[in-house]
Amino acid sequence: MKQNKQIEKGIRELYQEDPIGADKKVFGRTSDPISRRGFLTGLATMSTILGAEIVFGRFMPAGLIPAAFAETTDNFMLPGKDPGLIVLNDRPINAEVPAHLLNDLVTPADKLFIRNNGIPPENVDVDSWTLVIDGESVETSKTYTIKDLKEKFESHTYQLTIECGGNGRAEFNPPAKGNQWTTGAVGSPQWTGVRLRDVLKDCGIKDDAVYIGYHGGDSHLSRNPEKEAISRGVPISKALEDEALIAWAMNGEDIPALNGHPLRLVFGGWPASTSGKWLKGISIRNKVHDGTKMEAPAYRIPCEPVAPGDKVAAEDMCIIEAMPVKSLVTLPQSGIKHKIGEKLAVKGHAWAGDKTVEKMDISIDFGQTWQEVKLAKPANKNAWQRWEGEVNFPKKGYYEVWAKATDSDGISQPMVLPGWNPKGYLNNACHRIAVQIV
Ligand SMILES: Nc1nc2c(c(=O)[nH]1)N[C@H]1C(S)=C(S)[C@@H](COP(=O)(O)O)O[C@H]1N2
Ligand SMILES: [Mo]
């Protein structure tokens, strides 16, 4: 890429401040329909930087950063994790996974993202680890070892997709504080454990139960033992579903240390913040759980849409429940070069919270036309679904492949950013990759 002061500043930052202005500064492209000449000169500049003609450039929306200019962040090695993971923060540790590393149908351990709010427990002893069930709405409080859980209850294995509520946050404008996740805070491993329902029923659930809240074995960043790093939960209805697990294994092995070993909750399709790691306790509550990060604005969005940048009162923020429909292009890797005349195989996954994905479409002309692709059924509820298709490109040049999933209620992913919210949650805009046909 050309050495240019503006670009050094960070293309995303520049576009966040003023997308139309950034277009002008970086590419000389203007979106003003009257000075169409400027728009076309801009496209020419953009093409020069990309090193290829933008074939469907006339359809390219103004203020759109070409997918080819992916952000670069310093990578460093995390134990047990693929070196390609992008570390966003090291205290607490947070790392996301580039889309092309998520191509496996079932996410391998070394390619599952990490989102830690505190300090993971050290020297975990599996044999002496206990889980306490308590709360206002439990009939009999009980304590289980992992061995008790394995012996007393039936084991179940499900593929469950977990996605951080803040996945996609980096795109919001005005920017939202927090980890600047792009697309990689999602994964869909196979989890083995017991049903949360079976354990809760073994203790007895009182009629007034409305919520469950978890307690983890990690420490608050301040190391103050009185404080919890995070303690969230779900309504009792979600807790009682077949697929709500207390898991000790992932993909048939111990859960990786940074992902919650030796025991964690897994609620597929909901913000992954509900899937408590290093699980030590579950409280059956007679009110909405009031643990750390349950209060506004954490994991909440405005109950009614607001204008970008608006202040929203705590009482007008609602808890995020099921995640919205979304998809990823995991093959090929963004930025590849592909030979003209050969079909390009394109693959990815799609998921839709508690719903299923019914239809998957891709576009190579900035969303002017869409082509439906093959979509597989999920392994079970809350598992992501494989989609795959083939693309023909009409001539040499720069293209973007855009992917759009539609859920069982007919709701599709937006092509532009969905509703702005103060904490930058629930960005399910279409994923796009850059492809150069040579
Ligand atoms: N005990 C505990 N559980 C936790 C967290 C945490 O910091 N501590 N982070 C939550 C958040 S915000 C997310 S997105 C997921 C991340 O799960 P992963 O690190 O296994 O990908 O774990 C959730 N469970
Ligand atoms: Mo999260």
Side-chain angles (χ1 to χ4, degrees), residues 78-82 85-97 101-102 107-122 124 129 131 160-169 176-181 183-191 193 212-222 227-234 245-251 253-283 289 291-294 297-301 319-320 323 423-427:
L78 284 174
K81 293 287 168 184
D82 189 293
L85 260 66
I86 294 167
V87 177
L88 302 175
N89 191 341
D90 65 350
R91 192 175 180 276
I93 291 174
N94 291 290
E96 72 167 313
V97 190
L101 292 182
L102 285 172
T107 310
D110 70 340
K111 295 183 178 67
L112 181 62
F113 75 101
I114 301 166
R115 197 309 183 218
N116 289 344
N117 289 267
I119 305 160
E122 281 150 27
V124 167
W129 191 272
L131 172 67
L160 300 170
T161 304
I162 58 170
E163 179 181 16
C164 179
N167 196 21
R169 173 177 293 138
K177 288 209 182 87
N179 288 298
Q180 295 299 303
W181 304 112
T183 58
V186 63
S188 197
Q190 217 173 48
W191 304 91
I212 65 100
Y214 69 74
H215 304 283
D218 45 344
S219 320
H220 190 263
L221 283 177
S222 65
K227 287 187 177 174
E228 285 183 286
I230 186 169
S231 169
R232 303 198 69 248
V234 295
L245 291 185
I246 299 174
W248 55 76
M250 195 181 99
N251 303 338
E253 314 258 350
D254 282 352
I255 297 171
L258 292 170
N259 301 105
H261 175 74
L263 204 63
R264 81 175 291 177
L265 278 171
V266 191
F267 296 109
W270 281 47
S273 54
T274 59
S275 294
K277 303 196 279 189
W278 310 292
L279 187 68
K280 298 279 328 173
I282 295 171
S283 305
H289 182 55
T292 306
K293 305 215 175 181
M294 283 301 296
Y299 303 102
R300 292 183 185 229
I301 51 167
I319 299 174
I320 299 168
M323 297 289 286
K423 296 280 282 175
Y425 296 123
L426 307 187
N427 175 6

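This is a predicted model, so every value here is computed, not measured. Ligands are counted one by one from 1 in listed order, and the atoms in each one are counted from 1 as well.
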Exercise. Is there a side-chain contact between P92 and N117 (heavy atoms, below 4.5 Å)?
Worked result: no
In L263, D254, L279, the residue satisfying side-chain contact (heavy atoms from CB on, under 4.5 Å) with W248 is L263
On a heavy-atom basis, the closest approach of S273 and Y214 is O-OH, 2.7 Å
Tightest non-hydrogen contact, residues L426 and M323, listed as CD2-SD, 3.6 Å
Nearest heavy-atom contact between K111 and L101 is CD-O, 2.9 Å
For a distance cut-off of 3.5 Å, show me each N or O of ligand 1 paired with any protein N or O, plus the separation.
residue: ligand 1; atom: 1 (N); partner: D218; partner atom: OD1; Å: 3.1
residue: ligand 1; atom: 1 (N); partner: D218; partner atom: OD2; Å: 3.3
residue: ligand 1; atom: 1 (N); partner: K277; partner atom: O; Å: 3.0
residue: ligand 1; atom: 3 (N); partner: K277; partner atom: N; Å: 2.9
residue: ligand 1; atom: 7 (O); partner: N117; partner atom: N; Å: 2.7
residue: ligand 1; atom: 7 (O); partner: N117; partner atom: ND2; Å: 3.0
residue: ligand 1; atom: 8 (N); partner: D218; partner atom: OD2; Å: 2.6
residue: ligand 1; atom: 9 (N); partner: R115; partner atom: O; Å: 3.1
residue: ligand 1; atom: 9 (N); partner: N117; partner atom: ND2; Å: 3.1
residue: ligand 1; atom: 17 (O); partner: R264; partner atom: NH2; Å: 3.3
residue: ligand 1; atom: 19 (O); partner: R115; partner atom: N; Å: 2.9
residue: ligand 1; atom: 19 (O); partner: K277; partner atom: NZ; Å: 2.5
residue: ligand 1; atom: 20 (O); partner: N259; partner atom: ND2; Å: 2.9
residue: ligand 1; atom: 20 (O); partner: R264; partner atom: NH1; Å: 2.6
residue: ligand 1; atom: 21 (O); partner: F113; partner atom: O; Å: 2.7
residue: ligand 1; atom: 24 (N); partner: S275; partner atom: O; Å: 3.0

Does a donor on one side chain and an acceptor on the other come within less than 3.5 Å for H215 and S283?
yes
